[in-house]
Amino acid sequence: MRVIFLGPPGSGKGTQAKRLVEKLGIVQLSTGDLLRAAVQEESALGLEARQYMNAGKLVPDALVVALIVKRLEAPDAARGFILDGFPRTVPQAEALERELAARGGPIDRVVNFRIDPARLTERLVGRRICPRGHGEWHVTFNPPRRPGRCDECGEPLVHREDDHEDKIKVRLEAYRAQTEPLIAFYTQRGTLVDVDAEGDFAAITAAIEAALSDPGARA
Ligand code: AMP
């Protein structure tokens with residue numbers, strides 16, 4: 001199963017993807033995570049991407065496409081994947097189609113996370129991340145047991161550089177201008193399924209699972 005999670009920053013794509021990959025036995029491919037790893041390693045790609053990411057802007061298509069194409073070649077992606085945060089522009093979606101055509105497996109389903117835009121800023125501003133990848137919390141909606149510490153490993157949680165209000169504004173505008181057109185793109189392909197991304201976490205997981213297992217929604 002090859003799936004794309006589409007939705008604005010803060011709509012819960014990453015958290016739901018982490019939950020579902022365990023259940024479905026496929027991998028989560030997050031360009032945001034791959035880029036943050038490149039930044040941490042201070043690779044040439046990371047150094048170039050950092051300036052865009054810290055400003056809340058999209059990293060240029062060529063860089064992101066090269067990164068994800070390389071990741072798709074890894075053996076663990078052959079069984080299926082959830083793309084989380086990619087594609088984010090129409091040229092990225094077109095590049096993905098070309099790549100998957102060469103590999104003989106198109107996208108099965110695009111899950112479109114629908115959420116009131118007014119909710120996103122409060123979700124992102126309060127988000128805190130475990131630096132060791134144990135997950136994320138929210139200072140108000142989902143606080144860790146010990147304030148500011150990961151429930152799993154006790155490490156101090158991180159407030160992402162781009163989860164501050166001025167950067168969030170830029171990111172949401174980038175979503176509206178560059179990513180939202182993908183809703184029409186994938187509607188045209190017949191692969192898009194809307195999911196209500198507000199409310200109870202488990203109910204959203206169930207709605208996504210239902211969307212993924214409904215053969216009627218398949219292109
Ligand atoms: P995320 O963790 O998905 O919110 O991504 C964090 C940041 O990484 C974004 O604000 C962009 O700067 C960059 N990024 C992640 N995925 C992409 C993409 N598909 N295209 C361009 N930039 C991306």
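Computed from a prediction, not measured in an experiment: that's the story for all the values here. Order of listing sets the numbers, starting from 1, for every ligand and every atom in it.
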Under 4.5 Å between side-chain heavy atoms, counting indirect links through other Ile/Leu/Val/Met/Phe/Trp/Tyr residues: same cluster for Phe86 and Leu58 or not?
no
Charged N to carboxylate O under 4.0 angstrom, Arg71 versus Asp76?
yes
At a heavy-atom distance under 4.0 Å, which protein residues reach ligand 1? Sort them by chain and number, would you?
Thr31, Gly32, Leu35, Arg36, Met53, Lys57, Leu58, Val59, Val64, Gly85, Phe86, Arg88, Gln92, Arg160, Asp162, Arg171
Side-chain heavy-atom pair Leu124, Arg127 within 4.5 angstrom cut-off
yes
Consider only side-chain N and O atoms of Asn54 and Glu161, and report whether a donor and an acceptor are under 3.5 Å apart.
no
Does this structure show an ion pair linking Arg189 with Glu97, if we count only N-O contacts that are shorter than 4.0 Å?
yes
Salt-bridge test for Lys70 and Glu73: reply yes if a basic N is under 4.0 Å from a carboxylate O, no otherwise.
no
